[in-house]
Structures are given as C-alpha cells and as structure tokens.
Amino acid sequence: MVGQRGNRSVMTAWLTATNHKKIGILYMTATGFFFLIAGVLSLVIRAQLAQPNANLVSPHVYNQIFTLHGTAMIFFVIAPFGFGLANFLIPLQIGAPDMAFPRLNAVSVWLFILGGLTVFSGVFAQGGGAFAGWTAFAPLSGIQIATGVGEDLWIIGLLMAAMSSILVAINFVVTTFLYRAPGMTMWRMPIFTWEMLATSLMILMAFPPLSAVLFELLIDRHLNGHFFDPSHGGNVVLYQHLFWFFGHPEVYVMILPYFGVISEIVAVFSGKPIFGYVGLVLSAFAIAGLSMGVWAHHMFTTGAVANGFFAGMSFLIAVPTGVKFFNWIGTMWRGSIRLTTPMLFTIGFMLNFLIGGITGVMIASPPIDYHAEDSYYIVAHFHYTLGGGSLFALLAALFFWFPKIFGVKLDERLGKWCFWCMLVGFNVTFLPMHLMGLEGMPRRVVTYPAVGDLPWLNLLATVGSGIMAIAVVLLVVNIVVSSLAREPVADDPWEGGFSLEWATSSPPPEFNFDQLPPIRSERPVWDMHHPELVTMQT
Amino acid sequence: MVASLAELYPEVPFFIGYWLGKGCRRMPVLYPASLQAADLRGVWIIFSAAGLLVAIIVYALIFFSILRWRRRAHDSGVPPQFKTNASIEITSVVIPLIMVIGLFYISYVREGVVDFLKPAPYAVVNVRAFRWAWSFSYPGHGIVQAGTPQSQPTLVLPQGKMTQINLYSDDVDHSFWVPAFLFKRDALPGYTNHFDVTPTQLGAFRGVCSEYCGLDHAFMTFTVRVVPLATYDRWLASGGTAAL
C-alpha cells in the first residue's frame, strides 16, 4: 500500500512538475523516445532502398514512413532536445532559481509531448498516417488526395508543437532578460544562453506563420477555404511561401542551440576562454536576422520567385557561419585539448557540418540548385547539417551534461566506441548520397531502377545506416550500464567547467544554488578555481 | 618501389582509369547533354573547386590544432588565456564575404543566361504533368505522346536546335527533371512555366518527376530522345509515326 502510494506520488510529481530541471528532463526523455522511433523508421527506409526495384514495403507505407521520419526528427527530436537542454541549463547558467513562468513551462512540455503522440497516432487511423511529406505541400495534402484523418492528426499535432515552441520561447526570452543573477550582465552570459536567445527570437518570428499555414490547410480541408486551390483563385505557390517562411528559420532553430553547445564544449576542453566571444554573439544574431530573408531558396525551381535576391541573402549566411568556425578553431589554437567523448563529438560536428555548410553554399546558387533540388544531393546536404551537425552536437551535449543532469557520468570507453561508429556510419551512409543525387536519383522515391552507380551506392548507404544503428545501441547500453554503476559525481566532473552550472551539486538542488560564486567574467567557475589568474583577464 | 609496382601490375592504372572514366561518364555534371547544361556545368565546377579549397583549409586547421595542442601526460599548467584577436576576426569576416560576393556574381550571371527565353524557338512542346505520368504535345502537328503510370512516354527533341518547353500540371506540384540537362523546373497547378533547351548530344536520356506527388511518384518517369534534325522533321511530318 505504502509502496503504491509512494509510486503514485513519484508519478504525480513528474506530471505536475514545474521545476525547470524536471521540465528539461521530460523534454529530453520524450525526444529520446521519438528519436528511437524515427531512427527505426530510417532503417526501414534504408532497407527498402538497399537494392533496386525492391518491394519490402509498399509505396503507400513507404510514403508514410518518410513523412513520419522527417516530421519526428525535425519537430520532435532535434529542435525540442535543444528546448529541453535550454530549460535545464539557462537558469543554471545565469544563476537563476527557475524559469520566469514555471507553469507556462509545464504547459509547453505537455503540449509538445501530446502533439508528438497526436502525430504518431495517425498511423492507427483509417487509411494510415500522413503521407504528404514533412512539408505537406498543398494540394497534395488537400482533402481530395489525403482523404484520411491521418493528415488531420498530423496538422493538429504540429499545431500543438508550434504553440508549445512559441510559449517556451517567450519563457526563454523573459528569463534571460529578467532573471540573471547579480553580476551576470548580458555580456557575461555563456554562449549557449546567447544562442538560445537568438533561437527564441527566431521562433517568435517563424512559428506564428507555421500556425497560420496549418490552420489554412485545415480550413481548406474541411471548410472549403480554397486558400491553395487554383480553380477558385487560390495559389499553390502561396503555400510554399508561407511554409518556407517558417521552414528556413526553422533549420536555424535546429542548429543555433547546437552552435551554443559546441562553443561551450570546445572552450572547456581546450582549457581556454571562447575565442571571439563578441563575434560569436553577433554572428548568432546575424544568422537569426538573415534567416528571415532566405526562405524562397527552397523555391528556385518554381520559376515564381526572385531567385537572385534569395540567392544573395543565402550566400551571406555563410559569412557569420564561417565566423563561428574560425572562432572554434581560434579557441583550440594553443590550447590544452582533452579528447573526451563530448570533445570527440564536437570535432565530429565540425568535420561533418563543414561539408553540409559547403554544399549549402553550392545549392544556394540557382544554377546548381536546378540540378540538385529535390534530389539525393539535397538529402545528403541536410543530413550533413542536421544529422552530422545537430545530432553530433546533441550527443556531445548529452555526454557533457549527463553527469550534471542525472548525477551519473557516462562511460568514456563505450562513449568513444559510440563516437567512432557514429562518425564512420554517418559518413558511409550520407557521403554516397551526393553521388546518387548527381546521377539523377530524386528524393522521396520508394525505389529506383538499376541504372548507373545507384545500386552499389545505395547498398553502401544502407551498410552505413547499420553502423549508425550499432552506435545508438552502444549509447543505450552506456546509459543503462553507467546508471546502474552510479558512482558519485563531483560538482565539476570535467575538472575545468566554466559556467555556473558547474558551481552547484550534480544533480543540482531544487532551486539550483545555495550560494553563487562572484560573477566577474563570462566564466565564473573557472575564475573561482584559478583566483591567481583572474587579474590576467582583460 | 613505384617503378616495380607498375612493372608488377601494369594493368592496375588502366583499370582505375577505365572505371573512373566510366563513372565520370555517368555524371551529368561532367558530361552535360545540352547547351544550357554546359553553362550550368561551369557554375558546378567553380563552386566545387571553391568548396574543396575551403574544406582543405579548414580541415587542415582543425587537424593541426588537435594534433599540435592535444594535452599530453606530462603537460601541466594553464594554456595561454587569450580570447580575441581583432585582425584575425576581421579577416575571418572579410575573406568569406569577398568569396561569397564573387560566387554570387558568377551564379547570378549564369542564371540569367540559362533562364533567358530566346525568341523564335525551332520547336515548341507542351509538357503536362499529372499523377503519375507525363504527356508531351507538339502544337500545330497534332502529336500527343501521353504516358500512363505503366508505360513511359517519350519526349522527342531535335539535336542542336532550341526547343521551348511549356510546363503545366493537372493536379499537384510536380517537377520536370532531366539529369543529363542539369535542369529541372516545377510543374505547378494554376501556373505555367517556360524554359528553353538545346540538346547537343544524341541519344536517350532518363527523365523523372522530382517533386514528391504521392503514391506512384517514383514511377512517374519518361525518356528524352534526342535525334538528328532531319529525323526529327521527318518524325514530325509523319504525325509522330515515323521510326526514330
């Protein structure tokens, strides 16, 4: 009886949690489950594409699988893991006891979780889940073609996720502006907090248009809205404009938090302050600002947009992104580099993301995009940014902050195995996709003919995805094994942390700090451990 | 050592060259099949070269940093705590800025050349996309080559002459892509697209729908047959029945 009541109270504690650390853990745990589902879906995709003219899954099922894979990874894994991490870290990094609006925060996380479950529940609907792709272009997503209720569940689930993102962004902005500890001026905030501020501003600009376009789609489907119906004066290009006006800032919503993660980790494991702090902050806001003016580079081949303008704006984004790369290298320069698991994932991030960045500049050129658009070249490009980039940084963050979040340090040996499998598997999977695209393989195809080099390139990619699956298994094993071992973790387990989260216990107490160290620079904990060197700083 | 290996396996360089050559021949980026593709290829080559250069420099800096400044067992003390360097930071803005302005200029000029619709095309073909096939009609000649999801239609084009394509869609967004031409353009309902193509190489080329359009998107393909001008004229005069 007592035990039961005890269990129930633990359950109730999580369901009614408003503490930012519990909300953060809920976010990150939910994204973990969604990641495993989306990952298994990607393995089915690779199994189907391993050989030409294969028939492992039917086109109808395949189309649902890639729709769900993309939707889950974008809306329910990569972006919200950043929100979860920020929920956990921002109050700690700025020396606050909690977020500004704890109950609103609880609304955000549960809207997000229920939104995800709503989207996934579509697979049980009559006619199956949504199959119009994560972009759901009208009129393909219209009621005449996507007749099932799966598409409606997809739209409603995404509306919930969009609302959740807007609410959480408001919370981040207000917390960052109003809840900083004495001494924590804006220009002393850790880079991660800065990047989340820029991310939140992008969310506040980009997610209302997403909500609008999803509502329009619902109205078109059920109330004869004709927003996107050319036979009644509607416009299919309008859908693309609205969707990508959200969609391109969204890709930066999925990368800026991870730029922050990389900046924190590379500095700690080089034993040096981040190089070019001001430049890094300004570049985050330059990217956020430019990201609002590049959306139609997804529409170069429509023949309906000002290609020159959007190409120019897109090229410009390479400049602040380049600044970040040089600052990370500048941070490692003459440092004392420790190749821990988080640092390995950080370096892996740089190596992969650079390729995605370079192909990004290429496809920002309309003459190149005319061949690359909607081919596997694009699939390769965005997986290098979101998989090789964001996902590697996500794993770096997981290994780096796991001891702080759970009081458990993950095993370094298993962690390094996970890294090498991930790095090799990722590149074996996605490097060949550039060549597939160049040879003329369109994306979102259930199969392909046995022409040219497509068969062996696809087989190679499938082998790579198997190696990545091993990396994920190693990660899960690591989490289980390390949690069972449960060795006590110090306040600063990496022996060289910079920001305030390393000044409190692991995991931190309910309201984070019993007392704060003096905050006189952007790395108060380092100052605390090196009092003799503090005067050296300028 | 090198000489002896070459003596032992004289056929190896031949095979490598043969397979590389064969592989490259399948890359439309290297072997464009139209006048426009040759223009587009220039942009691919310049951007790829610039990208490769950047990749080599940045990779070298990253690997150099890791190898040179990796903490070793006997290392002690704190590394130098510098955190800014104005001239390097300004350079890291200015050089990429100059690069992207140059790349933008190249891209912008070439795009203008390819997108420009020249007057007086030799032939006009209306291309209609629908779920999940294509139909090609030759206005004024009464020829309609309509495909079904089970049988692919053929688009016949004259070599060395400019054909203007008018692109329509009956239902959802599609995209007309001939990889050998390095070019695609979307077929959108309620909106007509136009572009020019001047094929330079004879032969049959694969065409696909590259904008996801639902169930049988993967099977919405077609063939482009580029034939000599005389054959094309004869084929047109015969109402599309003469052998190609």
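In what follows, every heavy atom counts, from backbone to side chain, and hydrogens, waters and symmetry copies are set aside. Numbered from 1 within each chain, the chains take letters A, B, ... in sequence-line order.
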Could you grab the distance from atom [atom1] of [X] to atom [atom2] of [Y], nearest 0.5 Å is fine?
{"X": "B:Arg185", "Y": "A:Glu373", "atom1": "CZ", "atom2": "CD", "answer": "11.5 Å"}
{"X": "B:Arg71", "Y": "A:Thr340", "atom1": "CZ", "atom2": "OG1", "answer": "10.5 Å"}
{"X": "B:Asp171", "Y": "A:Gln144", "atom1": "CG", "atom2": "CD", "answer": "11.0 Å"}
{"X": "B:Arg70", "Y": "A:Leu339", "atom1": "CZ", "atom2": "CG", "answer": "4.5 Å"}
{"X": "B:Leu61", "Y": "A:Ile329", "atom1": "CG", "atom2": "CD1", "answer": "5.0 Å"}

Validation row: [X], [Y] side chains within 4.5 angstrom (heavy atoms):
{"X": "B:Glu89", "Y": "A:Phe326", "answer": "no"}
{"X": "A:Ile145", "Y": "B:Val172", "answer": "yes"}
{"X": "A:Ser270", "Y": "B:Trp69", "answer": "no"}

Tell me, out of [options], who's got the most heavy-atom pairs with chain A below 4.5 Å.
{"options": "B:Thr91, B:Asp216, B:Leu188, B:Val178", "value": "B:Leu188"}
{"options": "B:Ile62, B:Leu97, B:Val93", "value": "B:Ile62"}
{"options": "B:Arg72, B:Glu111, B:Glu211, B:Met99", "value": "B:Glu111"}

I'd like to verify something: which residue of [options] has the highest number of heavy-atom pairs under 4.5 Å with chain B?
{"options": "A:Glu439, A:Arg338, A:Arg334", "value": "A:Arg334"}
{"options": "A:Asp453, A:Thr135, A:Thr331, A:Val445", "value": "A:Asp453"}
{"options": "A:Ile358, A:Ile347, A:Val237, A:Ile368", "value": "A:Ile368"}

Open item on the list: Can you tell me which portion of B:Ser48 sits under 4.5 Å from chain A's heavy atoms? Options are side chain, backbone, both or neither.
Closed with: both

Task: B:Arg41, part contacting chain A, at a heavy-atom distance under 4.5 Å - done: neither

Open item on the list: Classify the ring geometry of A:Trp333 against B:Phe64: parallel below 30°, tilted from 30° to 60°, perpendicular beyond 60°.
Closed with: tilted

- [ ] Would you confirm whether the ring centroid of B:Trp44 sits within less than 6.0 angstrom of the ring centroid of A:Tyr377?
- [x] yes

TODO: Answer with side chain, backbone, both or neither: which region of A:Met441 has an atom nearer than 4.5 Å to a non-hydrogen atom of chain B?
DONE: backbone

- [ ] Would you kindly check if the NZ (Lys) or CZ (Arg) of A:Arg443 is within the cone defined by 45 degrees around the ring axis of B:Tyr212 and under 6.0 Å from the six-membered ring centre?
- [x] no

Task: A:Lys272 charged N/C atom sitting above B:Phe82 aromatic ring, 6.0 Å / 45° - done: yes

- [ ] Run the numbers on A:Tyr370 and B:Leu40 for side chain to side chain contact (heavy atoms under 4.5 Å, CB included), then give the verdict.
- [x] CA-CA 9 Å; A:Tyr370 286 168; B:Leu40 294 167; 4.3 Å; yes

Open item on the list: Could you tell me if A:Thr301 and B:Asp186 have a donor-acceptor pair between their side chains, going purely by distance under 3.5 Å?
Closed with: yes

TODO: Flag yes if more than 12 heavy atoms outside B:Tyr108 fall under 6.0 Å of its OH atom; otherwise flag no.
DONE: no

